[in-house]
Amino acid sequence: MKNSKTLIRQSHFLGTKIRNLRKRNNLTLDDLSARCVKLEPECAPSVSYLSMIERGKRVPGEDMLEVIAQVFQKNMQWFLDDASEQAEITPEKGSRGGIKGMALEPSFLFSNEILQIAIPEMLSQTGTSGRQFAHLLIRAHQEHHQNHFPDLERAAEEVGKKRMPLYVEDLMEIAEQKGLKIRWFSKLPGDRQSPANEKSKHMITSYFQPPGTVYLNSILKKNTPRLKYELAVHIGHRVLHNSDGEKSIMVAGDKTQYDVQNSTQNQSYSTSLDAQDILYAWHDFECSFFAAALLCPKVAFRQLLDRHGYEVNVCKQIDVSESVVMRRMTAVSAYPNWHYFDAYSPGQLKAVYRGNGIPLPWGNMRVVKDPCQHWSVFRMLGMNAKGTAAQISILNENGTPKIYCCESIKVQDSADVNHVLCAGIDLNPAIDAQGHDALALVRELKQICIANGGSAKIPAHIKKVLISVARILNINWIERGIAGEARLICSRGAVCPRQPSCYIDKTIESIF
């Protein structure tokens, strides 16, 4: 055992190393203290004590330092050597944008006047509605900011007082305080019914009627998580927009079908683009983000995820849906490189978030003809699986191999339609942050997968690195993914990296 004098003599750079490791892993002092408490409550440092350690005003005891070392998957001696601050632990500054832009030359072609002429023509020729294009703009804005919207967070916290969980009664009370009346319906008025003799795959679950009444479908009484979310959305619309605009109808199931059915009555779903399209899409986003922040306040929810290793089943503890939990992960996590999909069969993405810039497995405005069937969301859509499934995937992005891990779960919405939720992270930055060469590691694993027909068990030396990263990130399902096979995936069948390819070359096929 080392005595305190020995630790003091060897602690020249200890505080600097802890601070830089913490920042490199995007952890606050609160986060690091909570991680230590989770591992060893009796030896864990408080937030204030951690601050003093980093500033060199305190030297931790051996037991406390061992807990900190375990969080960062380092040997305790690493903190006590005489080496000064190393490049491998120096925090790197970079833009928060998850998707790199491209140079727009010649720039005069991208003037406001030319774009205002060209965009409606583009929408008309591609069959893309003005509302769809507006949502694409909002998604790009969301991804650029990597799901960080402090104003919306503060608005939700002021309303909910950072309480978690909120019960239905709490939300009803908040709605009443905001001037909303709640009414229930089991049958919609005639003007909101689906077209006659048509089997509908959607269901209207709630709608707002001016000046201040929210109508809730009686079926929501059997689905508390969905009921809470819809109440939270309508509260958000009241708080943020004073219930103006068109954020008044909420639909479960195939919302695309609902939009098409109503396109003749609602011109905003045409291929033209006007200011209302942008406004309504922005309202959709703001209300949805507000609702999730109200039900899962940032600090409390992040602490809950930390305690349970980012398991999706924390939804049961606070009685919200898996969708809310997985979307909220991307907003509150200390790690910025997340993506999220909500997929309906055969290939419609109802929701997309790509803070890490991962290429889409298919479009959310159209269904492609050759989607890669090895994506976790695709595989689960075709399975009668229960529970969650983790997968390690390797995907080429602009010629650079990336390693991803995701967790997927198959659920049913209020209209009893099956869909798959998938949350995942880009592991390359996390591997580099620990001083390893992510690119070399991923290339080696990619070649092993190619040699084994597209998927392979992860070798022990690579598994060791990935497990270390998983424990630093404190995400349990990464280790479950590591225990399975790594799979090669691609954004389109035309660029399949497997040998032989999963797809037949149509050009060769046509020759014969």
Side-chain angles (χ1 to χ4, degrees), residues 10-40 43-60 64-98 144-150 153 298-299 301-303 305-307 309-310 329-338 355-357 425-438 465-466 468-475 478:
Q10 294 182 308
S11 63
H12 306 298
F13 305 108
L14 187 148
T16 299
K17 288 184 175 182
I18 292 174
R19 182 182 66 249
N20 288 344
L21 272 177
R22 176 176 64 79
K23 293 194 175 208
R24 193 170 183 86
N25 287 284
N26 300 291
L27 299 177
T28 64
L29 288 167
D30 286 310
D31 294 332
L32 180 52
S33 179
R35 294 276 181 90
C36 293
V37 169
K38 180 181 177 182
L39 291 173
E40 191 59 61
C43 303
S46 66
V47 173
S48 60
Y49 199 76
L50 266 175
S51 177
M52 287 190 287
I53 291 172
E54 290 190 356
R55 288 180 286 134
K57 294 187 175 183
R58 292 289 186 275
V59 177
M64 184 181 290
L65 183 56
E66 181 62 40
V67 175
I68 295 172
Q70 193 174 344
V71 170
F72 293 114
Q73 295 290 292
K74 296 285 188 185
N75 187 295
M76 190 173 72
Q77 191 60 38
W78 183 86
F79 294 89
L80 298 171
D81 60 27
D82 291 328
S84 60
E85 186 176 346
Q86 301 173 29
E88 70 177 67
I89 62 168
T90 303
E92 295 177 353
K93 295 183 179 180
S95 65
R96 292 194 56 80
H144 176 70
H145 290 278
Q146 290 193 304
N147 237 358
H148 289 265
F149 297 95
E153 296 277 0
K298 186 171 185 176
V299 174
F301 186 63
R302 183 167 170 174
Q303 291 172 346
L305 291 175
D306 258 344
R307 289 197 299 271
Y310 282 72
M329 282 181 187
T330 71
V332 307
S333 172
Y335 191 67
N337 302 294
W338 285 80
N356 56 15
I425 63 170
D426 178 356
L427 286 170
N428 282 50
I431 295 169
D432 284 332
Q434 307 316 315
H436 304 286
D437 187 341
V465 173
L466 296 180
S468 174
V469 167
R471 291 176 181 173
I472 293 171
L473 294 175
N474 191 34
I475 300 176
I478 299 178

Novice: What distance do Asn147 atom CG and Met329 atom CE have between them, rounded to the nearest 0.5 Å?
Specialist: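 Here the interatomic distance stands at 13.5 Å.
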Novice: For residues Gln303 and Val299, determine if any side-chain heavy atom of one lies less than 4.5 Å from a side-chain heavy atom of the other.
Specialist: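 Yes, at least one pair of side-chain atoms sits under 4.5 Å.
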Novice: Which atoms form the tightest heavy-atom contact between Ile53 and Pro60, and what is the distance?
Specialist: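 Looks like CD1-CB, 3.8 Å.
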Novice: What closest approach, in Å, do Lys17 and Trp78 show between heavy atoms, and which atom pair accounts for it?
Specialist: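 Looks like NZ-O, 2.9 Å.
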Novice: Indicate yes or no: at least one non-hydrogen side-chain atom of Leu65 is less than 4.5 angstrom from one of Leu14.
Specialist: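 In contact.
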Novice: Report the residues that fulfil side-chain contact (heavy atoms from CB on, under 4.5 Å) with Glu40, sequence neighbours left out, ordered by chain and then residue number.
Specialist: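 Only Glu42, Cys43, Val67 meet the side-chain contact (heavy atoms from CB on, under 4.5 Å) criterion with Glu40.
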Novice: Begin with the C-alpha distance, continue with both residues' side-chain angles, and end with the deciding distance and a verdict on side-chain contact (heavy atoms from CB on, under 4.5 Å) for Ile425 and Tyr310.
Specialist: CA-CA 12 Å; Ile425 63 170; Tyr310 282 72; over 6 Å; no
Novice: Nearest heavy-atom pair of Arg302 and Ala334: which atoms, and what distance?
Specialist: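 Nearest heavy atoms, Arg302 then Ala334: NH2-CB, 2.9 Å.
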Novice: Where do Leu50 and Arg22 land on the side-chain contact (heavy atoms from CB on, under 4.5 Å) test, with the steps shown first?
Specialist: CA-CA 11 Å; Leu50 266 175; Arg22 176 176 64 79; 6.0 Å; no
Novice: If you compare all heavy atoms of Leu473 against all heavy atoms of Arg35, which two are closest, and at what distance to 0.1 Å?
Specialist: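 For Leu473 and Arg35, the tightest heavy-atom pair comes out as O-NH2, 3.3 Å.
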Novice: Please answer whether the main-chain N or O of Asp306 pairs with a side-chain N or O of Lys38 as donor and acceptor at a distance below 3.5 Å.
Specialist: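 Yes, because the side chain of Lys38 sits within donor-acceptor range (under 3.5 Å) of the backbone of Asp306.
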Novice: Taking it one step at a time, do Leu32 and Ile18 satisfy side-chain contact (heavy atoms from CB on, under 4.5 Å)?
Specialist: CA-CA 10 Å; Leu32 180 52; Ile18 292 174; 4.2 Å; yes
Novice: Checking Lys298 now: which residues fulfil side-chain contact (heavy atoms from CB on, under 4.5 Å) with it, not counting sequence neighbours?
Specialist: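 Partners of Lys298 under the side-chain contact (heavy atoms from CB on, under 4.5 Å) test: His148, Glu153, Glu157, Arg328, Val332.
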Novice: Got a second to check how far Thr28's OG1 is from Lys23's NZ, nearest 0.5 Å?
Specialist: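 Rounded to the nearest 0.5 Å, the OG1-NZ separation comes out at 11.0 Å.
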Novice: If you measure from CD on Gln146 to OG on Ser333, what distance do you get to the nearest 0.5 Å?
Specialist: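 One finds 10.5 Å between CD of Gln146 and OG of Ser333.
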Novice: Looking at Asp426 and Asn428, would you say the former's side chain and the latter's main chain have a donor-acceptor pair under 3.5 Å?
Specialist: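 Checking the backbone N and O of Asn428 against the side chain of Asp426, a donor-acceptor pair under 3.5 Å is found.
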Novice: Less than 4.5 Å apart, any side-chain heavy atom of Leu27 and any of Phe72?
Specialist: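 Side chain of Leu27 against side chain of Phe72, heavy atoms only: contact under 4.5 Å found.
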Novice: Do the non-hydrogen side-chain atoms of Val465 and Ile431 ever get within less than 4.5 Å of each other?
Specialist: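 When only atoms from C-beta onward are counted, Ile431 and Val465 do touch, with a gap below 4.5 Å.
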Novice: Closest approach of Ala44 and Val37, non-hydrogen atoms and distance?
Specialist: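 What the structure gives for the nearest pair is CB-N, 3.5 Å.
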Novice: Check whether Arg24 reaches the backbone of Gln434 with its side chain - one donor and one acceptor, N or O, closer than 3.5 Å.
Specialist: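 Checked: no pair found.
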Novice: Tell me, please, which residues at least two apart from Arg58 pass salt bridge (charged side-chain N to carboxylate O under 4.0 Å, His left out).
Specialist: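 Expected list: none.
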Novice: Does the side chain of Tyr335 come within less than 4.5 Å of Ile472's, by heavy atoms?
Specialist: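 No - every pair of side-chain heavy atoms lies 4.5 Å or more apart.
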Novice: Run the side-chain contact (heavy atoms from CB on, under 4.5 Å) test on Val71 and Asn25 for me, step by step, so that the C-alpha distance in whole Å, both residues' side-chain angles and the decisive distance to 0.1 Å come before the verdict.
Specialist: CA-CA 11 Å; Val71 170; Asn25 287 284; over 6 Å; no
Novice: Checking Ser33 against Asp30: is there a side-chain donor and acceptor pair closer than 3.5 Å?
Specialist: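 No pair is found: no donor N or O on one side chain lies under 3.5 Å from an acceptor on the other.
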Novice: Which value, rounded to the nearest 0.5 Å, describes the distance between Leu21 atom CG and Thr16 atom OG1?
Specialist: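 Reported value, rounded in 0.5 Å steps: 11.0 Å.
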Novice: Mind checking the CZ-OG spacing from Arg19 to Ser51? Nearest 0.5 Å is all I need.
Specialist: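 One gets 10.0 Å once the value is rounded to the nearest 0.5 Å.
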